[in-house]
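Heads up: the structure comes next, in structure tokens.
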Amino acid sequence: MRIATWNVNSLKARLPRVEEWLAYARPDVLCLQETKLADSAFPGLAFESLGYRSAHHGEGRWNGVAILSRVGLDDVVAGFDDSREPDVDARMLWATCGPVRVCSVYVPNGREVGHDHYRYKLDWLARLRQHLEAAHDPARPLVIGGDFNIAPADADVWDIAAFEGSTHVTEPEREALRALEEWGLEDAFRRLHPEPGLYSYWDYRAGMFHKRQGMRIDLLLATAPVVETVTFALVDRQARKGKLPSDHAPVLIDVDTDRL
DNA sequence: ATGGTCGCGCAGCGA
């Protein structure tokens with residue numbers, strides 16, 4: 001079972017690239033972020049024609065997350081599944097796809113250290129941690145895929161010195177990510193690829209992609225039963241090339257579900 | 001080259 005995550009930076013602008021990618025990568029499950037669509041504008045029929053069921057949670061203009069699946073799509077929940085006040089933004093979507101509970105997340109960017117949005121980011125991650133503790137079991141198959149807007153370690157950015165004082169690499173952000181890992185999630189891509197220089201996001205500006213100056217902020221966090229059966233992991237840099245690319249590349253893992 | 005790019009939506013913000 002191939003599970004992927006991709007921040008598409010507008011699904012309206014990216015639909016041809018997403019369709020092309022589905023055709024050649026053939027993921028079983030794809031988590032999308034930054035669709036920037038209202039639910040009424042989500043192109044579900046286009047995905048249906050390619051063999052995918054889909055669910056979307058969006059508000060239009062900003063944010064927006066989706067899950068596509070060709071192995072079933074059940075028990076869909078939009079937003080935090082914790083009976084508390086709804087999130088102000090459309091950043092989270094849950095669905096059960098075959099044997100795996102899947103969550104697509106677009107973690108707040110944070111904007112600047114000390115900004116209200118930075119506090120919102122940390123609160124958002126803490127709320128996810130609380131929800132996992134209250135309602136999930138790390139012994140069961142769960143994958144949270146998305147744009148976490150956090151580089152887990154210094155090796156996940158092209159030059160840590162360039163990020164002095166910036167969001168995405170601060171200790172509170174990394175601590176919030178570690179809290180998810182301490183509950184029972186693991187960075188599945190990193191487990192198979194410990195080498196540095198592997199990124200999932202490159203700024204559009206200044207030829208950052210061609211200079212290989214990126215950040216690895218798109219993660220597939222998986223519980224132990226999933227992570228122990230991962231046979232392959234990849235950042236598809238091809239999808240960052242060519243005509244009208246997203247500024248993020250898709251990240252995928254292959255899971256041997258027979259061993260789940 | 002002292003700025004570089006997108007997307008949204010039509011100015012300027014967010015990333």
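Here the structure is a predicted model, which means the values were calculated and not measured. Lettering of chains follows the sequences in order, A, B, ..., and the numbering in each one begins at 1.
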note: Leu15(A), atom CG; dC8(B), atom C1'; distance rounded to Å ~ 17 Å
Nucleotide nearest Lys36(A) (side chain, heavy atoms from C-beta), chosen from dG9(B), dT5(B), dG7(B)
dG7(B)
Residue mapping more 5' on DNA chain B - nearest nucleotide basis, Asn7(A) or Pro245(A)
Pro245(A)
Closest-nucleotide mapping onto DNA chain B: is Ser10(A) or Trp62(A) further toward the 5' terminus? I mean the 5' end.
Ser10(A)
Whole-angstrom distance between dA15(B) and dG4(B), as gauged at atom C1':
15 Å
Without hydrogens or angle criteria, can the side chains of Tyr118(A) and Asp123(A) be said to hold a donor-acceptor pair below 3.5 Å?
no
Measure CG/Asp116(A) against C1'/dC13(B) and give the value in whole Å, please.
16 Å
Over all strands shown, is Tyr106(A) touching base, sugar-phosphate only, or nothing at heavy-atom distances under 4.0 angstrom?
sugar-phosphate
Could you state the CG-C1' distance from Asp203(A) to dG14(B), rounded to the nearest angstrom?
12 Å
From NE2 of His248(A) over to P of dC6(B), roughly how many Å is that when rounded to an integer?
14 Å
Please report, rounded to the nearest Å, how far the P atom of dC13(B) is from the CD atom of Glu34(A).
18 Å
Check the distance between dA15(B)'s P and Trp202(A)'s CH2 and give it to me in whole angstrom.
20 Å
Using 4.0 Å as the upper bound for N to carboxylate O, is an ion pair formed by Arg190(A) and Asp156(A)?
yes
Pairwise C1' distance, dG14(B) and dG9(B) [rounded to whole Å]:
13 Å
Can you check whether Arg61(A) has a side-chain N or O nearer than 4.0 Å to OP1 or OP2 of dG7(B)?
no
Take atom P in dT2(B) and the same atom in dG7(B), then report the distance between them in whole Å.
24 Å
Working to the nearest 0.5 angstrom, can you tell me the gap between Arg140(A) CZ and Arg101(A) CZ?
10.5 Å
Could you work out the separation of dG3(B) and dC8(B) based on their P atoms and round it to a whole Å?
27 Å
Taken to the nearest whole Å, CZ/Phe148(A) to P/dA15(B) is 17 Å
dA11(B) and dC6(B), which share atom name C1', separated by this distance in whole Å:
16 Å
Not counting sequence neighbours, which residues clear side chain to side chain donor-acceptor pair (under 3.5 Å) with His57(A)? List them please.
none
dA15(B) OP1/OP2 closer than 4.0 Å to side-chain N/O of Arg205(A):
no
In whole angstrom, give the distance that lies between atom CG of Leu244(A) and atom C1' of dC6(B).
10 Å
Would you call the rings of His136(A) and His131(A) parallel, tilted or perpendicular, where under 30° means parallel and over 60° means perpendicular?
perpendicular
